[in-house]
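Read the structure below first, then the notes.
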Amino acid sequence: MATIGFVGLGNMGGPMAANLVKAGHVVNGFDLSQAAKDHLKEAGGTPVETLAEVASGADVIVTMLPAGAHVRKVYTGEDGLFAHARAGTLMIDSSTIDVESARAVASAAEVAGMAMVDAPVSGGVTGAAAGTLTFMVGGPDEAFAAAKPYLDIMGKTIVHAGGAGNGQAAKICNNMLLGISMIGVCEAFVLAERLGLDHQKLYDISSTASGQCWSLTTYCPVPGPVETSPANRDYQPGFAAAMMLKDLKLAQEAASTSGASTPLGAEAAALYNLFCNAGEAGTDFSGIIRFLRGNE
Ligand code: NAD
């Protein structure tokens, strides 16, 4: 069994760390929040007070932090993980961050003699608790192979997307597509309402026709056709609009630095920004249909 350091024990990191404990590993966890550390203790892990203690004796370190700036600081800061971990430690960053930060930290890992992968996830808090997350992984083959047994504990689908930063690239490309497709499906239902076409009729037709997509058939934004979709629970998340906006902004940043043309991605980011600013940041992202209908 391995000794695992874990940094960032929030909504996602907390249950992920708990699953590593459940699998029999020793988990030394750090978070700025005392409550998060208390939860780790309840789950059978060991809360520690510094990054140096996280790194001490660790075979593997997992991080699950809010954004690129946190990740850069935790890894490359003066008192960060690279300064304290022994050479060869495997580092897994599962935070969703910008591709540039992921690649910069991966380069610093190489210089420090560490193996590192970026491994952002989809599947949300439920997937984190159930150990059924999807991991999109970027990094060298050997680092991926070393990380896979640990990712298998926390997730169900583990995909190697290529070199450093490609896990983040996969995540933002997918979520940009999801944001755009959700708005498209919402617009189709709003138009159908105005034209007197029943929700269920549009669903029955489009779900087997060329308009078919995940946003329609798994996550339908109107109540009725898909029992499990948040539309049936007054748009309780699920996947909050604020999270979708974060990913769409990351996609726009990446489009701008790489020169990719993503006009619909830009429009989706602008619409989710308006939706969040209308007080709906905590609403499921499919709730944007109410905003598009104009009945907010
Ligand atoms: P969260 O805010 O619940 O957790 C982040 C934790 O990091 C907090 O407990 C915070 O105290 C801690 N933290 C921040 N800076 C720190 C530092 N310097 N040292 C130690 N701890 C620090 O967020 P979350 O929902 O768990 O999300 C974490 C990451 O996972 C984000 O990048 C998010 O985009 C991504 N993600 C979240 C979801 C979701 O449904 N919540 C889904 C997929 C991906």
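Atoms within each ligand, like the ligands themselves, are counted from 1 in listed order.
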Can you classify the ring geometry of His25 versus Tyr150 as parallel (below 30°), tilted (30 to 60°) or perpendicular (above 60°)?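 The rings of His25 and Tyr150 sit tilted, inter-plane angle from 30° to 60°.
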
Using the six-membered ring wherever Trp is involved, compare the ring planes of His160 and Phe144 and label them parallel, tilted or perpendicular (cut-offs 30° and 60°).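 It falls in the parallel class, under 30°.
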
Kindly confirm or rule out an N or O of [X] lying under 3.5 angstrom from an N or O of ligand 1.
X      : value
Lys246 : yes
Ser122 : no
Asp31  : yes
Asn11  : yes
Leu65  : yes
Met12  : yes

May I ask you to check whether [X] and [Y] show a side-chain donor-acceptor distance below 3.5 Å?
X      : Y      : result
Glu53  : His84  : no
Gln252 : Thr262 : yes
Ser286 : Tyr235 : no

Any atoms of ligand 1 less than 4.0 Å from a non-hydrogen atom of [X]? List them with their elements.
X      : result
Val74  : 18 (N)
Gly8   : 7 (O)
Thr96  : 32 (O), 34 (O), 35 (C), 44 (C)
Met243 : 25 (O), 37 (C), 39 (C), 41 (N)
Phe30  : 19 (N), 20 (C)
Lys171 : 43 (C), 44 (C)
His70  : 15 (N)
Val121 : 43 (C), 44 (C)

Is the closest protein non-hydrogen atom to atom 2 (O) of ligand 1 under 4.0 Å?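 It does not: no protein heavy atom is found less than 4.0 Å away from atom 2 (O) of ligand 1.
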
Counting only non-hydrogen atoms of the protein, does one fall under 4.0 Å from atom 23 (O) of ligand 1?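 It does not; no protein heavy atom is within 4.0 Å.
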
Nearest non-hydrogen protein atom, [atom]:
atom                    : answer
atom 40 (O) of ligand 1 : Gly124 CA, 3.5 Å
atom 4 (O) of ligand 1  : Gly10 CA, 3.4 Å
atom 30 (O) of ligand 1 : Met64 CE, 3.1 Å

State plainly whether the residues Lys249 and Asp98 are in salt-bridge range, i.e. N to O under 4.0 Å.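 A salt bridge is absent here (no side-chain N lies under 4.0 Å from a carboxylate O).
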
Could you check whether Asp59 pairs with Arg86 (Lys NZ or Arg NE/NH1/NH2 to Asp/Glu carboxylate O, under 4.0 Å)?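 The answer is yes: the pair qualifies as a salt bridge.
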
Looking only at heavy atoms, which two atoms of Cys186 and Ile289 are closest? And how far apart?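 Between these two residues, the closest heavy atoms are SG-CB, 3.6 Å.
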
Do [X] and [Y] make a side-chain contact, defined as non-hydrogen atoms from C-beta onward lying under 4.5 Å apart?
X      : Y      : answer
Phe275 : Phe285 : no
Thr96  : Leu250 : yes
Arg293 : Phe189 : no
Tyr75  : Met114 : no
Gln236 : Asp284 : no

Taking heavy atoms and a distance under 4.0 Å, where does Ile97 meet ligand 1: side chain, backbone, both or neither?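 The answer is neither; Ile97 stays 4.0 Å or more away.
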
Of the backbone atoms (N, CA, C, O) and the side-chain heavy atoms from C-beta on, which set of Pro66 has a member under 4.0 Å from an atom of ligand 1: side chain, backbone, both, or neither?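 Answer for Pro66: both.
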
